[in-house]
Every structure is written in structure tokens, then in C-alpha cells.
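Quick notes on the structure that follows.
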Amino acid sequence: MYSLGNARLGILRRDGVTVTLQDRVAQLFEDTRNDVYRYLLTLGLHPPRAQEAAQEVFLRLYITLRKGEQIENPRGWIFRVAHNYGLKVLARQGTEAAFDPELEASLAAPAKNPEQSLLERERLLLFHRAVENLSEQQKRCLFLRLEGLRYPEIAAALGISASAVGEFLRRAIARLKKVRDE
């Protein structure tokens with residue numbers, strides 16, 4: 001049962017259960033907020049800004065759905081908006097210091113063996129540097145793929161073709177394997 005009045009309020013009835021628009025957005029928020037947050041961090045946003053940006057993405061989702069617009073792939077839409085909004089926030093954030101992988105390594109829990117700890121820290125630094133040396137498109141494709149998006153979803157989020165996504169990922173993985181094997 002679905003009435004026009006309920007449609008304006010964002011209420012759906014399925015099998016006798018009322019699902020509101022707020023419930024739908026809240027469920028999407030619960031399911032994807034950590035992925036969106038991590039992706040925003042990979043774009044270079046500082047953690048507090050990434051949290052604010054993630055919340056803004058879901059607010060925009062609610063507003064868009066409230067207007068009655070249909071979104072075929074909500075997860076892809078969320079990451080597309082996160083990508084675009086994250087780049088805007090990043091441009092405004094430009095004067096702040098970037099994330100420092102050496103700081104992350106120094107804050108990591110120390111291993112029992114100091115030698116192992118040093119080797120692990122060096123390995124992490126080499127990996128971070130290798131990722132930093134990837135092209136922006138390669139990094140974005142890689143990070144979105146790590147968040148579980150499929151090639152077509154990544155393509156939609158970044159505004160490129162699925163075959164371009166495949167090529168960017170192939171090149172990124174090849175470069176990272178080369179660093180690993182050195």
C-alpha cells in the first residue's frame with residue numbers, strides 16, 4: 001500500500017511495515033558512513049573535516065530523496081557526491097598541513113621486538129610513499145575499489161569510463177607490486 005500523501009512524507013509501506021525516508025537514509029548512513037569517511041581521508045581531508053563532509057553527503061542524500069528524485073544506485077551516488085564535495089572542501093583546506101604517514105607509523109602500537117618494529121615502520125613508509133607517487137586518478141580508483149565499489153560505480157563516481165577505471169587500477173597495482181618486490 002502506497003499513497004500519494006505518504007509519498008510526500010517519504011513513507012513507504014511494505015508487508016505492513018512502515019519505512020520512512022529518514023529510516024532509509026539512516027540505514028544507508030549506517031551501512032556506508034565509515035567507507036565514505038575513509039574515502040574522504042584518502043582525498044586528503046583532515047579527520048574532522050572528513051567527518052563533517054561525510055555528514056553533509058548524507059544530508060544531501062536526504063534532501064535529494066525528499067524532493068522526490070529517484071536514485072538507482074544510492075551507494076554510487078553517495079560516493080560521487082562525497083568525491084565532488086570532498087574536492088571542494090580540500091580546495092578550501094589547502095593551507096593546512098597534509099596527513100603525515102611518518103606520524104601514523106610513530107603512533108602505531110610498538111611490536112615486541114624493536115627490530116621488527118623498525119622494519120615494519122620502514123615497510124609502511126615505503127608503501128605510503130608508493131601510494132603518494134601514484135597519479136591522482138590511480139589513487140582515487142584504488143581507494144574506491146578498496147571501499148568495495150565495482151568498476152561501474154567507481155566510473156560513475158569519478159566521471160570516467162569503466163575501462164579507464166580498469167586501466168588506472170591495473171597501473172596502480174603494477175606500481176605497488178614493483179615497490180613490494182624491490
Self-check item: side-chain hydrogen bond (donor to acceptor under 3.5 Å, both in side chains) partners for R145, two or more places apart
Solution: none
Quiz item: Got a sec, which residues hit side-chain hydrogen bond (donor to acceptor under 3.5 Å, both in side chains) with E136, two or more places apart in sequence or on another chain?
Solution: K139
Quiz prompt | Verify same cluster id: I71, Y62 (apolar side-chain graph, 4.5 Å) | solution = yes
Exercise. Rounded to the nearest 0.5 Å, what's the gap from CZ on R171 to CG on L134? Could you check?
Key: 12.0 Å
Quiz item: What's the shortest heavy-atom distance between A155 and A162, and which atoms?
Solution: CB-N, 3.6 Å
Quiz item: Heavy atoms, side chains only, cut-off 4.5 Å: are F143 and L41 in contact?
Solution: no
Self-check item: Residues forming a salt bridge (charged side-chain N to carboxylate O under 4.0 Å, His left out) with R175, sequence neighbours excluded
Solution: none
Quiz item: Which pair of non-hydrogen atoms, one from L144 and one from A157, has the smallest distance, and what is that distance?
Solution: CD1-CB, 4.1 Å
Exercise. Please name all residues satisfying salt bridge (charged side-chain N to carboxylate O under 4.0 Å, His left out) with E56, sequence neighbours left out, ordered by chain then number.
Key: R60
Quiz prompt | Listed partners of R80 passing salt bridge (charged side-chain N to carboxylate O under 4.0 Å, His left out), at least two apart | solution = none
Quiz item: What pairs with N133 under side-chain hydrogen bond (donor to acceptor under 3.5 Å, both in side chains), at least two apart in sequence or on another chain?
Solution: none
Quiz item: Would you say P47 and Y37 make side-chain contact, with heavy atoms under 4.5 Å?
Solution: yes
Quiz item: When rounded to the nearest 0.5 angstrom, what distance separates CG in L61 from CD in E69?
Solution: 10.5 Å
Quiz item: Do the side chains of T42 and Y39 get nearer than 4.5 Å, heavy atoms only?
Solution: yes
Quiz item: Do N73 and P152 have side chains that get closer than 4.5 Å, going by heavy atoms?
Solution: no
Exercise. Test T64 against W77 for side-chain contact (heavy atoms from CB on, under 4.5 Å), laying out the working first.
Key: CA-CA 11 Å; T64 299; W77 187 94; 3.5 Å; yes
Practice problem: Kindly indicate, with the supporting measurements, whether the criterion side-chain contact (heavy atoms from CB on, under 4.5 Å) is fulfilled by F127 and L176. | Solution: CA-CA 8 Å; F127 179 76; L176 294 176; 4.2 Å; yes
Quiz item: How about D31 and Q27: does a side-chain donor come under 3.5 Å of a side-chain acceptor?
Solution: yes
Quiz item: Less than 4.5 Å apart, any side-chain heavy atom of L43 and any of R140?
Solution: yes
Quiz item: Do you reckon L87 sits in the same ILVMFWY cluster as L45, going by side-chain contacts under 4.5 Å, direct or chained?
Solution: yes
Self-check item: Pairs meeting criterion salt bridge (charged side-chain N to carboxylate O under 4.0 Å, His left out) with involvement of residues 34-45, two or more places apart
Solution: D35-R38, D35-R75, R38-E147
Quiz item: Residues two or more places apart in sequence or in another chain: which of them pass side-chain hydrogen bond (donor to acceptor under 3.5 Å, both in side chains) with Q137?
Solution: none
Practice problem: Could you identify which residues cluster with L59, counting Ile, Leu, Val, Met, Phe, Trp and Tyr as linked when any side-chain heavy atoms lie under 4.5 Å apart, either directly or through a chain of such contacts? | Solution: I63
Exercise. Give the minimum heavy-atom separation between L40 and A53, together with the two atoms involved.
Key: CD1-CB, 3.6 Å
Practice problem: May I have all residue pairs that pass salt bridge (charged side-chain N to carboxylate O under 4.0 Å, His left out) and include part of residues 150-162, sequence neighbours excluded? | Solution: R150-E153
Quiz item: To the nearest 0.5 Å, how far apart are CD in E167 and OG in S161?
Solution: 10.0 Å
Quiz prompt | C141 to I160 - nearest heavy-atom pair and separation | solution = SG-CD1, 4.1 Å
Exercise. Say whether L169 and V179 are linked into one hydrophobic cluster, either directly or through other cluster members, by side-chain heavy-atom distances under 4.5 angstrom.
Key: no
Quiz prompt | Residues that, via side-chain heavy atoms closer than 4.5 angstrom, fall in one hydrophobic cluster with L126 | solution = none
Exercise. Please report the C-alpha distance between R129 and E132 in whole Å, then the side-chain angles of each, then the deciding distance to 0.1 Å, and finally whether the salt bridge (charged side-chain N to carboxylate O under 4.0 Å, His left out) criterion is met.
Key: CA-CA 5 Å; R129 286 187 188 123; E132 288 173 1; 6.0 Å; no
Practice problem: Would you please name every residue forming a ring pair (Phe, Tyr, Trp, His ring centres under 6.0 Å) with F29, sequence neighbours left out? | Solution: F58
